[in-house]
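First the structure, in the form of structure tokens, and then the observations on it.
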Amino acid sequence: MVVASAFSKEMAIRKRIANIFNKREDNFPSLREYNDYLEEVEDMIINLIEGVDVPAIEAKIAQYQRENAEQIMIAQARKAEEYAAALAASKGQPTQSDADALSQGPQAGSSTGTQGHYAPAIAGGIQPRPTQPLPVGSIPDMLGGEYEDDEKMKLRAERAAKAGGWSLDISRKRALEEAFGSLWV
């Protein structure tokens, strides 16, 4: 119970801080400065979780929010757009960038769009969403349009068993051996 509440507390703090300190690597001139930013944010998270110097950290967070309110809103909007695009892509719907790629021709559809973003290659239009295979025996036979009756299903099962190296005789023999093997005389 204590572990679950500590975990939920940590996750709540991490989510709150990630919504405020949401800069990306491309916001910094060098990788070193970006790593320093990430380290500072992680130090604040750990100190909030542990309860170390909380008033000073909260003041620092409030000051950062005041100074970078516009950047925070832009980053949150970009994150929401990326989420919507990913959701649309998972449902097989074209996004605005896919539609732009289609209007520019097949050379425009590349595997990567802007740096660090995935945009699937589209050649020749929107691809149909794959369907799930249907189970055998539950729909009309595709060749004859008839439903399989019990006799056809039994014949199909016997043929499948033979194709797998099994026969009805082997199954009967094994069942008899097991039945008589358990008898004590």
Side-chain angles (χ1 to χ4, degrees), residues 1-139 164:
M1 185 61 105
V2 174
V3 174
S5 67
F7 180 73
S8 62
K9 176 185 174 185
E10 179 179 352
M11 292 308 297
I13 291 172
R14 286 188 179 281
K15 185 175 180 181
R16 177 177 161 241
I17 298 298
N19 283 330
I20 298 169
F21 293 89
N22 52 14
K23 289 185 179 179
R24 295 184 178 185
E25 185 177 351
D26 55 339
N27 295 108
F28 295 91
S30 70
L31 180 62
R32 177 70 179 172
E33 290 179 28
Y34 177 63
N35 287 335
D36 291 342
Y37 168 79
L38 290 178
E39 187 174 345
E40 182 181 353
V41 169
E42 187 64 25
D43 287 342
M44 284 191 297
I45 291 171
I46 297 298
N47 287 339
L48 285 173
I49 292 169
E50 298 294 325
V52 177
D53 203 19
V54 174
I57 294 172
E58 289 294 341
K60 188 175 183 179
I61 291 170
Q63 178 185 357
Y64 183 86
Q65 278 182 308
R66 282 191 304 273
E67 292 174 357
N68 300 300
E70 186 177 339
Q71 290 179 354
I72 292 170
M73 294 299 285
I74 291 170
Q76 288 175 346
R78 181 180 58 215
K79 185 177 179 181
E81 288 174 358
E82 289 172 357
Y83 178 73
L87 186 62
S90 71
K91 291 183 178 180
Q93 300 170 350
T95 60
Q96 181 62 35
S97 62
D98 294 342
D100 294 342
L102 283 174
S103 65
Q104 294 174 2
Q107 272 71 15
S110 64
S111 62
T112 57
T114 59
Q115 181 182 3
H117 299 288
Y118 171 75
I122 299 175
I126 300 171
Q127 300 172 351
R129 186 174 179 172
T131 59
Q132 190 171 7
L134 300 170
V136 177
S138 65
I139 59 169

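Just so it is clear, the structure is predicted and the values come from calculations on it, not from any experiment. The basis for the numbers below is simple: all heavy atoms, side chains too, and nothing from hydrogens, waters or symmetry mates.
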Discussion item. Please determine whether salt bridge (Lys or Arg N to Asp or Glu O under 4.0 Å) holds for the pair R24 and E82, giving the CA-CA distance in whole Å, both sets of side-chain angles, and the decisive distance to 0.1 Å.
Written reply: CA-CA 14 Å; R24 295 184 178 185; E82 289 172 357; 2.8 Å; yes

Item to complete: Any chance you could lay out the side-chain contact (heavy atoms from CB on, under 4.5 Å) test for I45 and E42, step after step, and finish with the verdict?
Response: CA-CA 5 Å; I45 291 171; E42 187 64 25; 4.1 Å; yes

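L87 CG to Y83 OH: the interatomic distance, rounded to the nearest 0.5 Å, is 5.5 Å. Put simply, CD1 on I49 and CE on M44 are 12.0 Å apart, with the number rounded to the nearest 0.5 Å. Taking CD of E40 as the reference point, atom OH of Y64 lies at 9.0 Å (rounded to 0.5 Å). Between atom CD1 of residue I13 and atom CG of residue L48 there is a gap of 5.5 Å, rounded to the nearest 0.5 Å. Atom CG of N68 sits about 8.5 Å away from atom CZ of F21, to the nearest 0.5 Å. The CD atom of Q71 lies 14.0 Å from the CD1 atom of I20; values are rounded to the nearest 0.5 Å.
With N22 contributing its side chain and N19 its backbone, the two residues share a donor-acceptor pair below 3.5 Å.
Residues E25 and L31 share a closest heavy-atom pair of OE2-CD1, 3.3 Å.
Here the options are Q65, K60, E67, the test is side chain to side chain donor-acceptor pair (under 3.5 Å), and the partner is Q63; only E67 passes.
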